[in-house]
Amino acid sequence: MKFNEFNLSADLLAEIEKAGFVEASPIQEQTIPLALEGKDVIGQAQTGTGKTAAFGLPTLEKIRTEEATIQALVIAPTRELAVQSQEELFRFGRSKGVKVRSVYGGSSIEKQIKALKSGAHIVVGTPGRLLDLIKRKALKLQDIETLILDEADEMLNMGFLEDIEAIISRVPENRQTLLFSATMPDAIKRIGVQFMKEPEHVKIAAKELTTELVDQYYIRVKEQEKFDTMTRLMDVDQPELSIVFGRTKRRVDELTRGLKIRGFRAEGIHGDLDQNKRLRVLRDFKNGNLDVLVATDVAARGLDISGVTHVYNYDIPQDPESYVHRIGRTGRAGKSGQSITFVSPNEMGYLQIIENLTKKRMKGLKPASAEEAFQAKKQVALKKIERDFANEEIRSNFEKFGKDARQLASEFSPEELAMYILSLTVQDPDSLPEVEIAREKPLPFKPSGGGFGGKGKGGRRGDDRRDRDRRRDNRRGERRDDFKKGSRKNDRFEKENRYRKDNKKPRNTSSEKKTGFVIRNKGDK
DNA sequence: AAAAAAT
């Protein structure tokens with residue numbers, strides 16, 4: 001279905017066309033008509049399939065610009081996401097003259113109050129700042145007709161729920177409520193439904209929860225070897241842009257430092273950094289002034305950054321839902337991507353929990369050796385140098401390598417110069433600076449209920465336990481079969497060949513020799 | 001058990 005087949009006004013369609021959108025995605029096709037009718041909708045679809053436009057377009061359509069009232073409210077889990085959604089809504093509503101404001105913590109409330117006073121039809125905000133503005137009577141919600149929870153399952157989660165309830169209690173009961181997310185656990189959906197009237201749950205049916213545009217890999221690696229393993233893989237993969245997710249803010253700081261030492265253009269983003277820095281880092285990453293964004297889960301959800309080809313889960317995500325969102329930062333809008341999740345031997349149980357949620361097996365991957373990484377880097381540098389030498393401006397390019405460049409350039413052949421530049425560009429793997437990432441206390445493992453804790457409580461304990469045992473036995477069976485058929489093995493070799501032109505088998509790591517493919521949970525005996 | 005979110 002095409003956008004111009006929706007019952008949308010000409011000024012919206014003009015902006016849609018300007019943005020180059022023609023064909024609506026399935027979630028858009030199914031939710032836009034419902035939302036235009038005024039129905040309450042839960043919209044669930046894979047990451048990167050255009051959920052913002054799905055709730056944004058019908059919302060914009062219904063705004064009466066001649067009235068200077070706030071008619072729609074969007075609540076988002078992070079400040080960056082609030083900014084991004086505001087920008088997208090503004091873009092589509094531009095011709096129509098819709099005023100969209102974003103409000104969030106960490107930046108001047110005075111400015112935001114002024115902006116609200118200058119007129120707003122749609123407000124996009126994070127919970128804390130919204131409540132603050134409501135208390136100061138700078139934000140009136142009595143004219144709201146559409147309420148949207150972006151990343152709805154996160155907004156209705158513990159930690160946010162109380163604030164959300166407080167905000168919703170100020171919004172008129174007679175309203176339309178839209179909930180959107182890629183993930184929607186049943187327990188959370190039940191909470192959400194309480195704020196809605198006869199909601200339609202549009203769930204784009206897919207075998208897997210994650211998009212098939214992302215190739216999902218995991219590497220089983222000891223904690224102490226993780227950093228080297230990741231940087232080598234990055235050298236081999238040569239991502240355009242990549243995001244590295246760490247478990248804690250401190251960890252993100254360490255990883256950022258380490259990656260910088262290794263020569264990557266990397267910056268970190270997490271909740272302890274001041275808001276200017278957070279926005280600056282994100283902007284630099286989008287502009288291509290950075291190659292690697294190192295992040296906590298603050299960047300896991302919603303952020304739409306084109307050019308992200310690789311997501312590295314340096315630490316395995318805390319919640320299986322977080323995994324779905326993290327890897328959804330790549331493989332967006334029809335483009336493909338890769339995710340690589342690093343799993344230490346005692347975390348293999350988490351891998352299983354994630355796979356249970358996504359209904360998708362990650363492929364095992366062998367670490368690349370230092371030599372392989374070095375060769376890969378060298379190839380890339382050589383290509384770049386060759387390109388430079390083909391260019392007329394080779395001398396100006398060469399000059400940055402030293403005072404005598406002009407002299408050297410006249411005395412040596414292009415090949416000799418190339419070798420010289422290469423030696424300056426690519427470091428020998430043995431001389432790489434050492435980086436140590438502090439070991440954190442291991443994740444607590446709670447096998448109950450299939451989640452990472454917090455679920456399965458209440459009167460169903462016995463059932464949960466039986467389910468769990470059954471699931472576990474199934475898992476073991478599947479894995480053993482895989483091992484016999486060698487399908488997993490084949491996956492590994494298929495990937496290895498990318499790294500090994502000589503087809504030699506990379507050496508086994510000791511941990512793999514030890515445990516093969518058997519899953520070891522703490523709960524298992 | 002961590003991160004996010006107001007100051």
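Keep in mind that the numbers below use all heavy atoms, side chains included, and drop hydrogens, waters and symmetry copies. Every value quoted in this text rests on a predicted model; they were computed, and no experiment measured them.
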Checklist entry - Expressed in angstrom and rounded to an integer, what is the separation of A:Lys249 atom NZ from B:dA1 atom P? => result 16 Å

Checklist entry - Taking OH from A:Tyr314 and P from B:dA2, how many angstroms apart are they, rounded to a whole number? => result 18 Å

Checklist entry - When we call it a touch if two heavy atoms are under 4.0 Å apart, what does A:Asp163 touch: a base, just sugar-phosphate, or nothing? => result nothing

Checklist entry - Quick one: does A:Lys135 reach the base of B:dA6 with a side-chain donor-acceptor pair under 3.5 Å? => result yes

Next on the checklist: Counting only heavy atoms and a strict 4.0 angstrom limit, can you tell me which residues of residues 149-162 of chain A come near DNA chain B?
Outcome noted: A:Gly159, A:Phe160

Checklist entry - For A:Tyr104 and B:dA4, what is the distance between atoms OH and P respectively, to the nearest whole Å? => result 16 Å

Next on the checklist: Between A:Ser322 and B:dA3, is there a contact of a side-chain N or O with OP1 or OP2 at under 4.0 Å?
Outcome noted: no

Checklist entry - Under 4.0 Å: is that the gap between some side-chain N or O of A:Arg79 and OP1 or OP2 of B:dA5? => result yes

Next on the checklist: Are A:Phe227 and A:Phe342, when compared by the centres of their aromatic rings, separated by less than 6.0 Å?
Outcome noted: no

Compile the donor-acceptor pairs under 3.5 Å between side chains in residues 52-59 of chain A and protein atoms, sequence neighbours left out, one pair per line.
from	atom 1	to	atom 2	distance (Å)
A:Thr59	OG1	A:Phe55	O	2.6

Checklist entry - What is the nucleic acid contact for A:Arg278, judged by heavy atoms within less than 4.0 Å: base, sugar-phosphate only, or nothing? => result sugar-phosphate

Next on the checklist: Run the side-chain hydrogen bond (donor to acceptor under 3.5 Å, both in side chains) test against A:Lys189 and tell me which residues pass, sequence neighbours left out.
Outcome noted: A:His201

Next on the checklist: Using OP1 and OP2 only, check whether a side-chain N or O of A:Thr78 sits under 4.0 Å from B:dA5.
Outcome noted: no

Item to check | Spacing between A:Asp274 atom CG and B:dA5 atom P, to the nearest angstrom | outcome: 13 Å

Checklist outcome for this item: residues 282-291 of chain A vs side-chain hydrogen bond (donor to acceptor under 3.5 Å, both in side chains), sequence neighbours excluded, gives A:Arg265-A:Asp291

Next on the checklist: Looking at B:dA3, I'd like to know if its phosphate oxygens (OP1 or OP2) sit under 4.0 Å from a side-chain N or O belonging to A:Arg301.
Outcome noted: no

Item to check | Integer-rounded Å distance: B:dA3 C1' and A:Phe245 CZ | outcome: 12 Å

Checklist entry - Looking only at side chains, do A:Thr330 and A:Gln338 share a donor and an acceptor under 3.5 Å apart? => result no

Checklist outcome for this item: Residues at least two apart in sequence or cross-chain that pass side-chain hydrogen bond (donor to acceptor under 3.5 Å, both in side chains) with A:Glu212, listed by chain then number, are none

Checklist entry - What pairs with A:Thr183 under side-chain hydrogen bond (donor to acceptor under 3.5 Å, both in side chains), at least two apart in sequence or on another chain? => result A:Asp153, A:His325

Checklist entry - Taking atom P of B:dA3 as reference, at what distance in whole Å does atom CD of A:Glu321 sit? => result 18 Å

Checklist outcome for this item: Among B:dA3, B:dA5, B:dA1, the one nearest any side-chain atom of A:Thr248 is B:dA3

Checklist entry - Rounded to whole angstroms, how far apart are CD on A:Glu110 and C1' on B:dA6? => result 14 Å

Checklist entry - Between atom CZ in A:Arg326 and atom P in B:dA4, what is the gap in whole Å? => result 11 Å

